[in-house]
Amino acid sequence: MALPHASMLTRRCLRLLTPQPVFLSSLPGWDCRQPAGEGAAKRRRRKDGKGCSLPASFWEERLADAATPLWRLPYQEQLQVKYESVKKVLQTLTSHLLELGGGVQDPGVLCCPLQPVVPSPTVNGYRNKSTFSVNRGPDGNPKTVGLYVGTGRARNIVCVRTDHMKNIPLKHKQVAQCYEQFIRCSPLGSCILFHEGGHWRELVVRTSQHGHTMAIVTFHPQQLGQEALAAQKALLKEFFTCGPGAACALTSLYFQESTMTRCSHEQSPFQLLHGEPHIFEDVLDLTFRISPDAFFQVNTSGAEVLYQAVRELSQAATNTVLLDVCCGTGTIGLSLARHVSKVIGVEIVQKAIEDARWNAAFNGISNCEFHSGKAEAVLPELLSSWEDARPLVAVVNPSRAGIHHRVVRAIRSCGAIRRLLYISCKPEGEAMRNFLQLCCPPDPGKKLEGEPFAPTLAVPIDMFPHTAHCELVLLLTR
């Protein structure tokens, strides 16, 4: 649906610092009758050998196969594929531990029992967070909003819309379509390569079961002054509050000026253009506040299954202290707080810690403390002086980069930790390095002291239907 001429938009929604308002139609080059880039796109259309444009279904299937490679399989078959994948991970771990002398006796047997993959309660449209890129589409239009097919190294990137993707909810697709509509009417270009100029960059959409929707637009300022930036923010706000984007009914609209690929709130603040500063989600009868860059499991119903599994595996009791490393907004610790004596959370993102503290107070939970900072800086100091006689159980839920070597050393050296749950969505990656560091015999050369852990039980949980990934909860004990 084409964007109506800007003069039709409700002008009272736009207020700038100057007395005279600025409207979409008042900017030089802004013409919604012919969205920017479409004429040039027609001249850049990708042709096959016969000179015909490749059908949309070709690109849709390429994207689906790349991002959700199991989408063609019935769900039960997807679970079996993932089970075999996790089994290979454990076989690799078993082999490495055997080489290191890490307590594995029989190379023909897995280092620990492997349970069947726990299915996700929601199979389609389960993502509560989606990140959309801006780049050249199949027709060559540089203002296409979607996901990438191809690689930068091969110089064959194509940005494909996500209308057909099974794991992305309709609301996210709607916001992405509206954002594309907006930037195609903008006289400013998309920012594909920083040094080549352009401004409009990625879009992040977050939603909750409350019906809340948060949109975060990333913008490269290049050489624009503050007045020009203010004008772009006002135009974006107008579009999503009074123009065609109002159909998205955004709870929050954020804008971030960024000259880097990824930028935290501390590096470049998220600027609230419209609505509420947070959205809210319910998990296991608790309400959680979510900031723009706070970590939150992308599958809410799957997260409930995950946290229930963590509760059971932790064997937490009323005299237990729970150490929640990489705690995000505090979801794991707070979901167990009523079952333990105390929760200690550590998280690098300051805004997530603020959310975690708010979440604890809002839910009437008073036995939690949250520390802001890098785990490798906070944890060694915290555990080196640990004298509490209560049982200490650790839960580690890091990014795909795993935990720092100093975190591993601190955990190994703390004799009070007898039970450790490591949660990973990519156990074959950096998590494997952590598994070996935690379970290998003491190695003074690498400063790995203390009694090693041993794999005790592996519980895979499908948080990402249609993809090749699942969340692995690996119980380590000593």
Side-chain angles (χ1 to χ4, degrees), residues 1 3 56 59-68 71 120-135 137 143-149 158-184 190 200-219 236-237 239-241 243-256 262 270 272-276 278-283 288 290-303 425 463-467 469:
M1 175 176 147
L3 179 64
W59 297 104
E60 290 173 353
E61 290 195 9
R62 280 197 66 186
L63 175 58
D65 288 341
T68 53
W71 69 278
S120 171
T122 307
V123 176
N124 294 322
Y126 57 84
R127 293 191 65 91
N128 57 41
K129 179 182 178 182
S130 298
T131 302
F132 299 94
S133 299
V134 177
N135 211 310
K143 292 182 174 180
T144 301
V145 177
L147 301 180
Y148 286 164
V149 171
V158 176
C159 192
V160 183
R161 292 171 180 160
T162 61
D163 304 352
H164 60 291
M165 297 294 289
K166 288 187 173 183
N167 61 339
I168 298 178
L170 290 174
K171 174 60 76 172
H172 294 203
K173 298 172 183 178
Q174 179 191 29
V175 178
Q177 290 166 357
C178 285
Y179 180 55
E180 181 180 276
Q181 191 177 2
F182 173 79
I183 66 174
R184 286 190 175 191
S190 57
W200 299 111
R201 292 181 52 204
E202 71 180 24
L203 165 75
V204 175
V205 182
R206 305 188 78 153
T207 49
S208 74
Q209 296 175 125
H210 282 263
H212 299 163
T213 303
M214 176 187 288
I216 307 156
V217 170
T218 307
F219 183 90
L236 183 67
K237 175 182 176 180
F239 180 88
F240 277 105
T241 57
C248 298
L250 296 182
T251 309
S252 311
L253 174 61
Y254 275 97
F255 183 90
Q256 186 184 41
R262 286 287 182 274
F270 292 96
L272 181 64
L273 303 186
H274 164 72
E276 302 297 325
H278 307 94
I279 61 175
F280 297 85
E281 186 59 286
D282 290 342
V283 177
F288 293 92
I290 303 171
S291 295
D293 61 345
F295 172 77
F296 199 87
Q297 290 287 349
V298 299
N299 182 340
T300 303
S301 61
C425 64
M463 302 281 287
F464 319 101
H466 308 301
T467 76
H469 303 290

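Keep in mind that this is a model prediction, so the values were computed, not measured.
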Grab the two heavy atoms, one from [X] and one from [Y], that are nearest each other, plus how far apart they are.
X: Leu250; Y: Val175; result: CD2-CG2, 4.1 Å
X: Val134; Y: Ile183; result: CG1-CD1, 3.9 Å
X: Ile168; Y: Arg127; result: CG1-CD, 4.4 Å
X: Val145; Y: Cys159; result: C-SG, 4.0 Å
X: Thr131; Y: Leu147; result: O-CD2, 3.3 Å
X: Ser130; Y: His172; result: OG-ND1, 2.7 Å

For [Y], does its backbone N or O pair with a side-chain atom of [X] as donor and acceptor, under 3.5 Å?
X: Lys129; Y: Val298; result: no
X: Asn128; Y: Gln297; result: yes
X: Arg206; Y: Pro292; result: yes
X: Tyr126; Y: Pro465; result: yes
X: Thr213; Y: Thr251; result: no
X: His466; Y: Asn167; result: no

Between atom [atom1] of [X] and atom [atom2] of [Y], what is the distance when rounded to the nearest 0.5 Å?
X: Cys425; Y: Phe464; atom1: SG; atom2: CZ; result: 5.0 Å
X: Thr300; Y: Phe288; atom1: OG1; atom2: CZ; result: 10.5 Å
X: Arg201; Y: Ser190; atom1: CZ; atom2: OG; result: 11.5 Å
X: Lys171; Y: Thr207; atom1: NZ; atom2: OG1; result: 9.0 Å
X: Leu63; Y: Thr68; atom1: CG; atom2: OG1; result: 7.0 Å
X: Glu276; Y: Met214; atom1: CD; atom2: CE; result: 10.0 Å

(request) Indicate whether the side chain of Ser291 and that of Asp293 have a donor and an acceptor atom separated by less than 3.5 Å. (result)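 Short answer, no.
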(message) For the residue pair Arg184 / Thr144, report whether a side-chain donor-acceptor contact shorter than 3.5 Å exists.
(response) yes
(request) Flag the pair Leu203 / Glu180 as yes when at least one side-chain heavy-atom distance between them is below 4.5 Å, and no otherwise. (result)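 A side-chain contact is absent here, since even the closest heavy-atom pair is not under 4.5 Å.
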(request) Show your working on side-chain contact (heavy atoms from CB on, under 4.5 Å) between Val283 and Phe296 and close with a plain yes or no. (result) CA-CA 11 Å; Val283 177; Phe296 199 87; 3.8 Å; yes
(message) Exactly one of His212, Gln209, His210 should register a side-chain hydrogen bond (donor to acceptor under 3.5 Å, both in side chains) with Glu281. Which one does?
(response)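 So, applying the side-chain hydrogen bond (donor to acceptor under 3.5 Å, both in side chains) to Glu281 and each of His212, Gln209, His210, only Gln209 qualifies.
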(request) Look at the aromatic rings of Phe219 and Phe255 and report parallel, tilted or perpendicular, splitting at 30° and 60°. (result) tilted
